[in-house]
Amino acid sequence: DAGITQSPRHKVTETGTPVTLRCHQTENHRYMYWYRQDPGHGLRLIHYSYGVKDTDKGEVSDGYSVSRSKTEDFLLTLESATSSQTSVYFCAIGEQGVRSYNEQFFGPGTRLTVL
Amino acid sequence: QKEVEQDPGPLSVPEGAIVSLNCTYSNSAFQYFMWYRQYSRKGPELLMYTYSSGNKEDGRFTAQVDKSSKYISLFIRDSQPSDSATYLCATPGTSYGKLTFGQGTILTVHP
């Protein structure tokens with residue numbers, strides 16, 4: 001998985017609790033992304049980062065926040081989890097270049113269940 | 001309108017069949033298109049990459065872009081059970097550093 005790890009890999013939590021998912025890379029790529037994947041919706045971008053402390057919103061950012069204090073780590077936080085945030089979350093990394101900015105490498109995913 | 005749309009299927013074919021997977025996109029200015037393959041409970045991985053129009057071939061896989069109809073296709077020849085996966089089309093659209101994905105098509109190749 002191109003030097004990308006996600007933790008935890010599985011998590012069950014209750015509505016209203018805070019949850020933080022971690023993505024760690026060893027590739028020194030500039031770009032990092034958080035997606036969620038749900039049946040019928042494919043992959044949807046939540047937030048992304050184009051450098052340390054540089055982040056921006058994606059398509060489905062409501063209810064999520066992110067932080068990136070180091071090149072290798074990108075954290076996704078659900079401040080108060082809701083059942084609609086039950087999903088599989090994927091982290092991805094990418095690098096800019098003539099064509100390489102288009103290619104993203106994905107982590108193994110985190111399966112989150114909010115009861 | 002989403003930048004790229006894909007029929008989610010599912011699609012079930014016998015081993016050895018030719019498979020055609022398709023997406024449509026919204027803006028004729030889009031130039032880069034990708035196909036990702038995702039095995040069950042794994043992250044997606046890049047399968048094919050095309051720029052502008054025409055065909056690109058890699059072994060049993062052919063990616064095709066028809067700009068006149070804003071249609072992208074992935075063909076799999078001599079399909080194998082190991083090709084069973086979800087296939088997602090993607091494009092950066094006109095943005096930089098981001099991709100928009102189709103909904104994904106679930107393909108099953110049965111022996």
Side-chain angles (χ1 to χ4, degrees), chain A residues 1-6 9-10 21 23 25 29-51 54-61 68 74 87-112, chain B residues 1-11 21-26 29-52 56 58 63 65 72 74 85-107:
Chain A
D1 292 318
I4 310 168
T5 56
Q6 293 184 229
R9 294 291 315 277
H10 302 270
L21 308 183
C23 177
Q25 63 149 326
H29 280 0
R30 177 184 174 190
Y31 288 83
M32 297 187 76
Y33 308 84
W34 277 108
Y35 292 90
R36 59 178 290 173
Q37 188 172 37
D38 306 286
H41 292 280
L43 283 163
R44 292 182 292 174
L45 182 64
I46 304 171
H47 282 281
Y48 70 105
S49 170
Y50 46 94
D54 292 323
T55 65
D56 205 349
K57 296 178 180 179
E59 179 187 0
V60 289
S61 58
R68 191 172 179 196
F74 192 33
S87 187
V88 180
Y89 290 85
F90 286 99
C91 174
I93 63 174
E95 191 55 269
Q96 68 182 73
V98 174
R99 62 150 270 193
S100 62
Y101 77 88
N102 288 314
E103 182 171 357
Q104 295 181 15
F105 302 91
F106 284 81
T110 293
R111 194 167 294 267
L112 176 68
Chain B
Q1 183 183 8
K2 288 192 63 133
E3 291 189 327
V4 61
E5 304 221 37
Q6 183 174 8
D7 183 347
L11 188 61
L21 303 166
N22 307 294
C23 292
T24 58
Y25 60 96
S26 61
F30 296 171
Q31 292 187 307
Y32 292 90
F33 303 95
M34 283 74 74
W35 285 96
Y36 280 77
R37 177 175 62 194
Q38 183 180 20
Y39 291 116
S40 181
R41 295 184 175 269
K42 299 288 189 181
E45 57 181 352
L46 183 66
L47 182 63
M48 297 280 290
Y49 178 105
T50 57
Y51 171 74
S52 192
K56 184 174 182 179
D58 184 1
V65 179
I72 56 177
L74 178 70
T86 298
Y87 291 81
L88 302 112
C89 57
T91 180
T94 55
S95 64
Y96 186 82
K98 296 191 295 182
L99 290 176
T100 298
F101 287 84
Q103 295 93 321
T105 299
I106 300 171
L107 171 67

Over 12 foreign heavy atoms within 6.0 Å of NZ, A:K57: no
Non-hydrogen side-chain atoms of [X] and [Y] separated by less than 4.5 Å:
X	Y	answer
A:E59	B:K98	no
A:Q104	B:M34	no
A:Y48	B:L99	no

Is it the side chain or the backbone of [X] that comes within 4.5 Å of chain B heavy atoms, both, or neither?
X	value
A:Q6	neither
A:Y50	neither
A:L45	side chain

From B:Y36 atom OH to A:F106 atom CZ, the distance as rounded to the nearest 0.5 Å: 5.5 Å
Region of B:P8 in contact with chain A, defined by heavy-atom distances below 4.5 Å: neither
B:Q6, part contacting chain A, at a heavy-atom distance under 4.5 Å: neither
